[in-house]
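Below, each value reflects all heavy atoms present in this structure, side chains not excepted, and no hydrogens, waters or symmetry copies.
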Amino acid sequence: MNVHATECLLRMYDQHHELEDYQSGVPRWCTGCGDNAILAAVQRLCRDEDLRPEKTMFVSGIGCSSRFPHYMKTYGFHGIHGRALPVAEGIKMARPDLNVFVNTGDGDCCSIGAAHWIHAIRYNMNMTVMLHDNQIYGLTKKQASPTSPRGTKSNTTPGGSYLDALQPLAVTLGVQNVSFVAQAVDWIPEVLYDIISKAYHHKGFSFVRIIQRCPEWLPNTFEPWMQDPLRTLLLTHENGLTLSPNLSKVYKTQERHDPLNINRAREIASLQDPIPVGILYNNPNVPCYEDVHNIGQQRSARYIKSGLEAELDKFTIWPEGAGGKVQPGV
Ligand SMILES: Cc1ncc(C[n+]2csc(CCOP(=O)(O)OP(=O)(O)O)c2C)c(N)n1
Ligand code: SF4
Ligand SMILES: [Mg+2]
């Protein structure tokens with residue numbers, strides 16, 4: 001290799017990325033939708049961590065929030081409803097070197113995808129999972145989701161929903177091998193960024209529930225919490241969040257919470273007023289599945305292609321007389 005080529009290569013690897021290197025397209029979310037704030041925080045994180053776009057993968061299911069990969073100039077997989085987590089696990093299993101992020105809605109994760117969610121927690125694969133919890137099915141125009149508070153009026157529950165809401169933090173903290181659980185709200189961007197950053201740095205399945213505003217179908221739901229900072233409980237700890245002096249002045253309801261204390265984390269998980277924000281649980285010592293079982297990692301492209309072709313061949317309609325042996329046109 002000549003000197004010029006080597007220099008070019010080195011420059012490529014040392015390349016510093018700017019915010020626009022991660023931005024793609026114009027988000028189609030409604031004005032005031034909390035998804036915009038989550039996207040801004042994630043693009044900032046990618047820039048600050050200088051993540052290589054070609055080594056970064058965003059996986060989603062279906063929903064407004066699941067449009068997320070379209071707006072990231074990285075690799076992405078906009079999958080099928082409820083199946084973001086198994087797709088992400090497959091990617092991580094084959095390519096543990098990639099940065100894997102998952103964006104999933106409350107319907108996507110907690111309803112149709114609930115079984116995958118439970119098992120993904122237990123497998124504890126290294127990925128950052130953001131649950132965009134707007135307490136409603138947004139994309140399909142306002143049906144109650146499992147996290148809709150009791151009494152929510154929607155197209156499927158016009159008289160108000162009958163059941164108490166499922167608590168995603170409490171569910172996650174109840175599963176074996178849980179290793180990281182946090183909660184953020186879209187309207188405190190500084191803390192949202194910090195929490196997603198802590199989740200990214202945790203090795204394991206980092207689950208962040210982000211309470212996300214949907215002004216289209218549930219307008220003003222979180223207005224009382226936004227107007228009164230005392231109704232937000234900030235969890236602080238040297239191993240969790242540390243607040244800037246300015247934030248500390250505004251958000252005076254605080255608790256010093258050790259993220260290794262799972263019993264207290266489970267109590268905090270069900271609090272709804274004040275809304276807890278911070279790192280509920282962070283245990284760095286839970287093994288990741290891709291480290292204890294690594295069959296299939298780094299398989300060659302040729303191996304994967306031959307497997308895929310064998311699968312597709314099962315569905316090939318062979319011409320009469322070909323005896324199942326000769327491919328048409330070959
Ligand atoms: C198998 C399947 N079932 C149902 C649907 C219809 N569907 C699309 S998105 C959605 C719910 C989206 O809600 P959520 O996951 O909370 O995302 P949001 O739009 O609120 O961000 C549903 C039921 C689908 N696309 N596929
Ligand atoms: S419908 Fe709700 S969740 Fe969907 S883009 Fe609009 S505000 Fe966001
Ligand atoms: Mg939703």
**Q** Please list, chain by chain and in numerical order, all residues satisfying side chain to side chain contact (heavy atoms under 4.5 Å, CB included) with Val277, sequence neighbours excluded.
**A** Val185, Val191, Ile195, Thr232, Leu234, Ile275
**Q** Distance-only criterion, 3.5 Å: show the donor-acceptor pairs between side-chain atoms of residues 258-265 and protein atoms not counting sequence neighbours.
**A**
from, atom 1, to, atom 2, distance (Å)
Asp258, OD1, Leu260, N, 3.0
Asn261, OD1, Asn263, N, 3.3
Asn261, OD1, Arg264, N, 3.1
Arg264, NE, Glu255, OE2, 2.8
Arg264, NH1, Glu267, OE1, 2.8
Arg264, NH2, Glu255, OE1, 2.9
Arg264, NH2, Glu255, OE2, 3.4

**Q** Are Asp21 and Arg47 within salt-bridge range, i.e. N to O under 4.0 Å?
**A** no
**Q** Can you give me the closest heavy-atom contact between Leu230 and Thr253, atom names plus distance?
**A** O-OG1, 2.8 Å
**Q** With Lys314, which residues qualify under salt bridge (Lys or Arg N to Asp or Glu O under 4.0 Å), at least two apart?
**A** Glu311
**Q** With a 4.5 Å cut-off on side-chain heavy atoms, are Val102 and Met57 touching?
**A** no
**Q** Determine whether Lys73 and Glu54 satisfy the following criterion, salt bridge (charged side-chain N to carboxylate O under 4.0 Å, His left out), listing intermediate values before the conclusion.
**A** CA-CA 9 Å; Lys73 210 187 279 172; Glu54 73 278 14; over 6 Å; no
**Q** State plainly whether the residues Asp97 and Lys55 are in salt-bridge range, i.e. N to O under 4.0 Å.
**A** yes
**Q** What I want to find out is whether Arg256 reaches Glu238 closely enough, with some N-O distance under 4.0 Å, to be called a salt bridge.
**A** yes
**Q** Considering all heavy atoms of both residues, which atom of Leu173 and which atom of Val178 are nearest to each other, and what is their separation?
**A** O-CG1, 4.1 Å
**Q** At their closest point, which heavy atom of Pro284 faces which heavy atom of Asn282, and how far apart are they?
**A** CD-O, 3.7 Å
**Q** Apply side chain to side chain contact (heavy atoms under 4.5 Å, CB included) to Thr242 and list each qualifying residue two or more places apart in sequence or on a separate chain.
**A** none
**Q** According to salt bridge (Lys or Arg N to Asp or Glu O under 4.0 Å), does anything in residues 128-142 pair up with another residue at least two apart or in another chain? List the pairs.
**A** Asp133-Arg209
**Q** Taking all heavy atoms of Ala184 and all of Leu192, pick out the closest pair and write down the distance.
**A** CB-CD1, 3.7 Å
**Q** Strictly distance-based, threshold 3.5 Å: is any side-chain N or O of Ser24 a donor or acceptor partner for the main-chain N or O of His70?
**A** yes
**Q** Please enumerate all residues that pass salt bridge (Lys or Arg N to Asp or Glu O under 4.0 Å) together with Glu49, with sequence neighbours excluded.
**A** none
**Q** For Pro27 and Asn36, work out which heavy atoms get closest and say how close.
**A** CB-OD1, 4.0 Å
**Q** Report the C-alpha separation of Phe68 and His132 in whole Å, then their side-chain angles, then the decisive distance to 0.1 Å, and conclude whether the side chain to side chain contact (heavy atoms under 4.5 Å, CB included) test is met.
**A** CA-CA 10 Å; Phe68 206 93; His132 300 226; 3.7 Å; yes
**Q** Between atom CH2 of Trp117 and atom CZ of Phe205, what is the distance when rounded to the nearest 0.5 Å?
**A** 9.5 Å
